[in-house]
Amino acid sequence: MPELPEVEVVRRGLARWIAGRTIAEVQVLHPRAVRRHADGGEDFSAVLKGHTLGEPQRRGKYLWIPLAGEGRSLLAHLGMSGQLLVRPETAPDEKHLRIRVRFADTADAAGGTELELRFVDQRTFGGLSLHPETADGLPDVIAHIARDPLDPAFDDDAFATALRRKRTTIKRALLDQSLISGVGNIYADEALWRARVHYERETAGFTRPRTAELLGHVRDVMNAALAQGGTSFDSLYVNVNGESGYFDRSLDAYGREDEPCRRCGTPIRRRPWMNRSSYFCPRCQRPPRAR
DNA sequence: GGAAGCTCCTGAAAGC
DNA sequence: TGCTTTCAGGAGCTTC
């Protein structure tokens with residue numbers, strides 16, 4: 001499942017392979033993949049044709065590519081299973097290929113092969129769309145998304161203040177992209193395990209030092225995942241070359257139900273939570289007293 | 001206005 | 001073997 005580290009790995013791949021290239025043709029093969037583009041698939045293809053792509057940018061789990069001189073950007077969200085792949089034109093289509101982008105100038109210096117960009121998405125939660133940019137250079141529809149904890153401009157103090165002001169629980173807050181972006185279910189569980197915090201702890205009780213410690217764990221787990229190319233449990237997350245990351249082998253909590261906690265040996269538990277799952281150590285991460 | 005819950009979607013895996 | 005059910009979850013939308 002693509003979270004911040006996985007999206008960053010994809011962004012770096014796109015920067016290498018498609019920045020500066022000019023679009024010759026766009027094929028929208030599934031309407032749901034462009035459902036966030038208000039004017040529909042035909043308009044999406046027509047607008048992109050002939051434009052040169054700028055340097056890919058990222059905020060949280062969103063990434064976008066500015067269209068040179070347009071004041072607009074191509075915005076991408078991978079959802080649960082989205083992949084942005086750079087493939088030779090001759091490669092067979094993927095089963096869930098949703099959008100194909102061909103370039104006017106794609107000869108690969110290595111072998112003269114023509115490369116194309118493919119958006120592949122099994123579960124169709126992701127998609128591409130075009131949006132005007134705000135004064136900050138962000139696509140307007142993601143102006144509400146907070147900076148992510150790896151962003152040098154992320155304000156730790158402001159986050160601590162906002163967290164205390166919330167009347168919610170810590171995992172909900174970590175997944176609130178308007179508060180802190182880039183954290184999904186996997187890294188939320190991992191950071192909370194490292195911080196020895198139960199996912200149902202109320203945010204109002206978080207002191208600044210405790211918040212600083214938790215942020216440190218969030219950053220640590222994301223940087224570790226980034227260093228290993230991201231997390232992938234199956235073929236649903238890959239980089240632009242179709243390769244999986246290795247961080248799933250380093251997870252301490254997520255996906256380890258009934259396996260011993262790496263700190264104390266107590267079996268990790270899984271609890272249904274908001275139509276998904278939370279993994280935690282019942283000994284290291286004591287649940288709060290019933291309200 | 002803020003918080004919580006629902007819904008979209010597909011396919012692998014499990015259960016019968 | 002084949003059908004049905006369960007599960008995975010990001011984020012926009014609806015409800016309270």
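Proteins come first, then strands; the chains are lettered A, B, ... in the order of their sequence lines, and each starts at number 1.
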**Q.** Geometric cation-pi criterion A:R210 and A:F206, 6.0 Å radius, 45° cone
**A.** yes
**Q.** Where protein sits on nucleotides 11-16 of chain C, one letter per nucleotide: B base, S sugar-phosphate only, - none, heavy atoms under 4.0 Å
**A.** BS----
Q | A:K166 vs A:K95, nearer the 5' end of DNA chain B by closest nucleotide | A | A:K166
Q. Is A:R262 positioned over the aromatic face of A:W193, cation under 6.0 angstrom from the ring centre and no more than 45 degrees off axis?
A. no
Q) Stepwise, does the side-chain hydrogen bond (donor to acceptor under 3.5 Å, both in side chains) test hold for A:S81 with A:D121? A) CA-CA 5 Å; A:S81 55; A:D121 191 8; 2.6 Å; yes
Q.
Heavy atoms from C-beta onward define the side chain here; which of C:dA8, B:dC8, B:dA4 lies closest to that of A:R32?
A. B:dC8
Q: Return no unless some side-chain N or O of A:S277 is found under 4.0 Å from OP1 or OP2 of C:dA8.
A: yes
Q: Please report, rounded to the nearest Å, how far the P atom of C:dA8 is from the CZ atom of A:R271.
A: 13 Å
Q.
Can you give me the bend angle of the helix from B:dG2-C:dC16 to B:dC16-C:dG2? Use the axis through the first five pairs and the one through the last five, nearest 10 degrees.
A. 50°
**Q.** Partner set under side-chain hydrogen bond (donor to acceptor under 3.5 Å, both in side chains) for A:H51, not counting sequence neighbours
**A.** A:E70
Q) Of all the choices, B:dT7, C:dA8, B:dC9, which nucleotide is nearest to the side chain of A:T124 once you look at every atom? A) B:dC9
Q) Does a nitrogen or oxygen in the side chain of A:R270 sit under 4.0 Å from OP1 or OP2 of C:dA8? A) yes
Q | Minimum-distance nucleotide (side-chain atoms of A:N185 versus B:dA3, B:dC9, C:dG10) | A | C:dG10
Q) Counting N and O atoms only, with roles assigned by atom type, does the side chain of A:D151 sit under 3.5 Å from a partner on the main chain of A:A153, one being a donor and the other an acceptor? A) yes
(Q) For A:E42, is the CD atom crowded, meaning more than 12 foreign heavy atoms sit under 6.0 Å from it? (A) no
Q | Closest to the A:R172 side chain, choosing from B:dC9, B:dG5, C:dA8 | A | B:dG5
Q. What nucleic acid atoms does A:D121 come within less than 4.0 Å of, heavy atoms only: base, sugar-phosphate, or nothing?
A. nothing
(Q) Other residues, nucleotides and ligands only: do more than 12 of their heavy atoms fall within 6.0 Å of CZ on A:R263? (A) yes
**Q.** A:L75 CG to C:dG10 C1', straight-line distance once rounded to whole Å
**A.** 14 Å
Q.
Please verify the inter-ring angle class for A:F159 with A:F154; under 30° counts as parallel, over 60° as perpendicular, anything in between as tilted.
A. tilted
Q) A:R167 CZ to B:dG2 C1': how many Å, rounded? A) 7 Å
Q) Roughly how many Å is it from CG in A:D176 to C1' in C:dG10, rounded to a whole number? A) 12 Å
Q: Provide, to the nearest angstrom, the distance between the CD1 atom belonging to A:I186 and the C1' atom belonging to C:dA8.
A: 10 Å
**Q.** Between A:R164 and A:T207: side-chain donor-acceptor atoms closer than 3.5 Å
**A.** no
Q | Nucleotide C:dG10, atom C1' - distance to CG of A:L179 in whole Å | A | 16 Å
Q | Separation of atom CG in A:N275 from atom C1' in B:dC9, rounded to whole Å | A | 14 Å
(Q) Taking side-chain contact (heavy atoms from CB on, under 4.5 Å) as the criterion, tell me which of A:L75, A:V7, A:L74 meets it with A:L63. (A) A:V7
Q: Could you tell me the separation between the CD atom of A:E257 and the C1' atom of C:dT6, rounded to a whole number of Å?
A: 14 Å
